[in-house]
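All of these numbers come straight from a predicted model, not from anything done at the bench.
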Amino acid sequence: MVSLIELTSPLPLLPRSSSLSSEVSMKLFVVTGAGGVFGSAILRQIEHLHSSNAHILAITRKVEEVQSATANFAATVTTFSIDFEDKERLQRKICEGLARVQTEGWELAVLVNNHGSVGDTSIRMEEVSDIGYLEKYFLLNFISYQVLTSVFSDRFKASKRVCVNISSMAAVKPFQSFGCYCAIKAARMMAYQVIAEESADVRVLNYSPGPMKSPMTDDITANSHSTSIREYFASADWVDADASAAKMLKLVNEDSYQSGVQIDFYDR
């Protein structure tokens, strides 16, 4: 998604002083969907909070845009693209991407799984029968997400690891015209909750950032088969992307949440 928020917006949202930031040296952040509305806000907030103590691996289809937006960051930013729909080369490309930084020496390694798509909202779930469409959709939105999580967790096992799933209310509540989206959001949340149960040495957070104005929401407004959904997105009370990214990083930084829990932007 192309960000509708200026990448030069002010950042006075999250104070630099908090528990982890004062205790650790270098922190690694792997952020997918880094060129979208929320992804670009995450990059800005990492820069604001951690500055030169952070190295960001920004995975995006918009490499040049992200490189330009982060050119003046004090944080080190390594930007590259992975085709998450390329089944044959997916695992190799993920391994090559994460190999751009050393495996050890990070006191904190954070993965923010932020990539994905809403899919075709013009059709009802009972009408979805195209096997090719389903395979491509689940490859982008779940399979690549799981493979990336597994490779990340193994590669940086010498560090304290935090895996963040950018979730949604659609993970816990059905919405008309969002059938496949609801299904993968529920699957992603449950996969991370299982990791939290199985792996005590990995901190897991499912974070729902709230509705944000974006090309995706414009597409939903124009094409959803549901009148109520179109009306909602035409007049929604949008969440500020930087405010939501700041809250997510605050949760990661304070490290007091129950591993595996889903937390919404609107939760206190």
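- Looking at heavy atoms from C-beta onward, Leu108 lies out of side-chain contact with His50 at the 4.5 angstrom threshold.
- With Tyr257 as the aromatic partner, Arg203 meets the cation-pi criteria of under 6.0 angstrom to the ring centre and within 45 degrees of the ring axis.
- The side-chain heavy atoms of Asp264 and Met169, taken from C-beta on, include a pair separated by under 4.5 Å.
- Atoms OG1 and CG, on Thr76 and Asn53 in that order, are 10.0 Å from each other to the nearest 0.5 Å.
- The closest donor-acceptor contact from the side chain of Ser144 to the backbone of Leu139 lies under 3.5 Å.
- Checked by atom type and distance alone, the side chain of Lys93 never pairs as donor or acceptor with a backbone atom of Ile82 at under 3.5 Å.
- Taken from CD1 in Ile143 to CD in Glu135, the straight-line distance is 8.5 Å, to the nearest 0.5 Å.
- Closest non-hydrogen pair, Val118 versus Tyr137, comes out as O-OH, 3.3 Å.
- Between Phe152 and Phe156, the angle of the ring planes lies from 30° to 60°, which puts this pair in the tilted group.
- Asn113 contributes no side-chain N or O that, together with a main-chain N or O of Asn165, makes up a donor-acceptor pair within less than 3.5 Å.
- Between Gly35 and Thr60, the shortest heavy-atom distance links the atoms N-OG1, 3.4 Å.
- Rounded to the nearest 0.5 Å, atoms OG1 (Thr149) and CD (Gln146) are 5.5 Å apart.
- In this structure, the side chains of Phe80 and Glu96 stay at 4.5 Å or more apart for every pair of heavy atoms.
- Here the shortest heavy-atom pairing between Met212 and Ser244 reads CE-CB, 3.6 Å.
- The closest donor-acceptor contact from the side chain of Glu47 to the backbone of Ala74 lies under 3.5 Å.
- Using a 3.5 Å distance cut-off with no hydrogens or angles, the side chains of Asp120 and Ser122 do pair a donor with an acceptor.
- Relative ring orientation between Tyr207 and Phe38 is described as parallel, the plane-to-plane angle staying below 30° on a 0-90° scale split at 30° and 60°.
- Distance alone, capped at 3.5 Å, is enough to place a donor-acceptor pair between the Ser214 side chain and the Thr217 backbone.
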- Quick one: do Tyr266 and Val239 satisfy side chain to side chain contact (heavy atoms under 4.5 Å, CB included)? Show the steps, please. CA-CA 10 Å; Tyr266 292 109; Val239 168; 3.1 Å; yes

- Task: Let me see the working for Glu197 and Gln193 under side chain to side chain contact (heavy atoms under 4.5 Å, CB included), right down to the final yes or no.
- Result: CA-CA 6 Å; Glu197 288 290 320; Gln193 289 178 342; 5.9 Å; no

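- Residues Thr121 and Gln176 fail the side-chain proximity criterion, which asks for heavy atoms closer than 4.5 Å.
- At a threshold of 4.0 Å, the pair Arg61-Asp83 does not count as salt-bridged, since none of the basic side-chain nitrogens sits closer than that to a carboxylate oxygen.
- Contact check for Met248 versus Val164: side-chain heavy atoms found under the 4.5 Å cut-off.
- The backbone N or O of Ser167 sits nowhere less than 3.5 Å from a side-chain atom of Asn206 that would complete a donor-acceptor pair.
- Tyr192 OH to Ser199 OG: the interatomic distance, rounded to the nearest 0.5 Å, is 11.5 Å.
- For Thr70 (side chain) and Val66 (main-chain N/O), a donor-acceptor pair under 3.5 Å exists by modelled atom type.
- For Gln45 (side chain) and Ala243 (main-chain N/O), no donor-acceptor pair under 3.5 Å exists by modelled atom type.
- Residues Met125 and Val128 meet the side-chain proximity criterion, which asks for heavy atoms closer than 4.5 Å.
- Residue Phe138 comes nearest to Ala183 through the heavy atom pair CZ-CB, 4.4 Å, listed as atom of the first residue, atom of the second, then distance.
- Linking ILVMFWY side-chain heavy atoms closer than 4.5 Å, directly or via other members, places Trp238 and Met216 in a single hydrophobic cluster.
- In this structure, the separation between CG on Leu43 and CG on Asp242 is 10.5 Å, given to the nearest 0.5 Å.
- In this structure a side-chain-to-backbone donor-acceptor pair under 3.5 Å is present from Tyr145 to Arg188.
- Transitive grouping of hydrophobic side chains (ILVMFWY, heavy atoms separated by less than 4.5 Å) keeps Val204 and Val194 in distinct clusters.
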- Message: Is there a side chain to side chain contact (heavy atoms under 4.5 Å, CB included) between Arg44 and His48? Walk through the geometry before answering.
- Response: CA-CA 6 Å; Arg44 292 192 294 270; His48 173 65; over 6 Å; no

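- Each of Val101, Ile59, Thr78 was checked for a side-chain contact (heavy atoms from CB on, under 4.5 Å) with Val30, and the lone residue meeting it is Ile59.
- Residues Leu98 and Val63 are members of separate hydrophobic clusters, defined by side-chain heavy-atom contacts under 4.5 angstrom among Ile, Leu, Val, Met, Phe, Trp and Tyr.
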- Message: If you apply the rule side chain to side chain contact (heavy atoms under 4.5 Å, CB included), what do you find for Val31 with Ile46, and how did you get there?
- Response: CA-CA 10 Å; Val31 182; Ile46 293 170; 4.0 Å; yes

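- Residues Ile195 and Met190 do not share a hydrophobic cluster, clusters being chains of Ile/Leu/Val/Met/Phe/Trp/Tyr side chains in contact below 4.5 Å.
- For Asn72, the CG atom sits in a loose shell: 12 or fewer heavy atoms of surrounding residues, nucleotides or ligands are nearer than 6.0 Å.
- To the nearest 0.5 angstrom, Ser52 atom OG is 13.0 Å from Phe73 atom CZ.
- With hydrogens and angles ignored, the 3.5 Å screen pairs a side-chain donor or acceptor of Lys185 with a backbone N or O of Ile166.
- Annotation for Phe265 and Pro209: closest pair CB-O, 3.5 Å, computed over non-hydrogen atoms.
- For the pair Leu134/Cys180, a side-chain contact is recorded, criterion being any heavy-atom separation below 4.5 Å from C-beta on.
- Minimum interatomic distance between Ser224 and Ser177 (heavy atoms only, all atoms of both residues): OG-OG, 3.0 Å.
- Looking at Ser168 and Tyr181, their side chains come closer than 4.5 Å, going by heavy atoms from C-beta outward.
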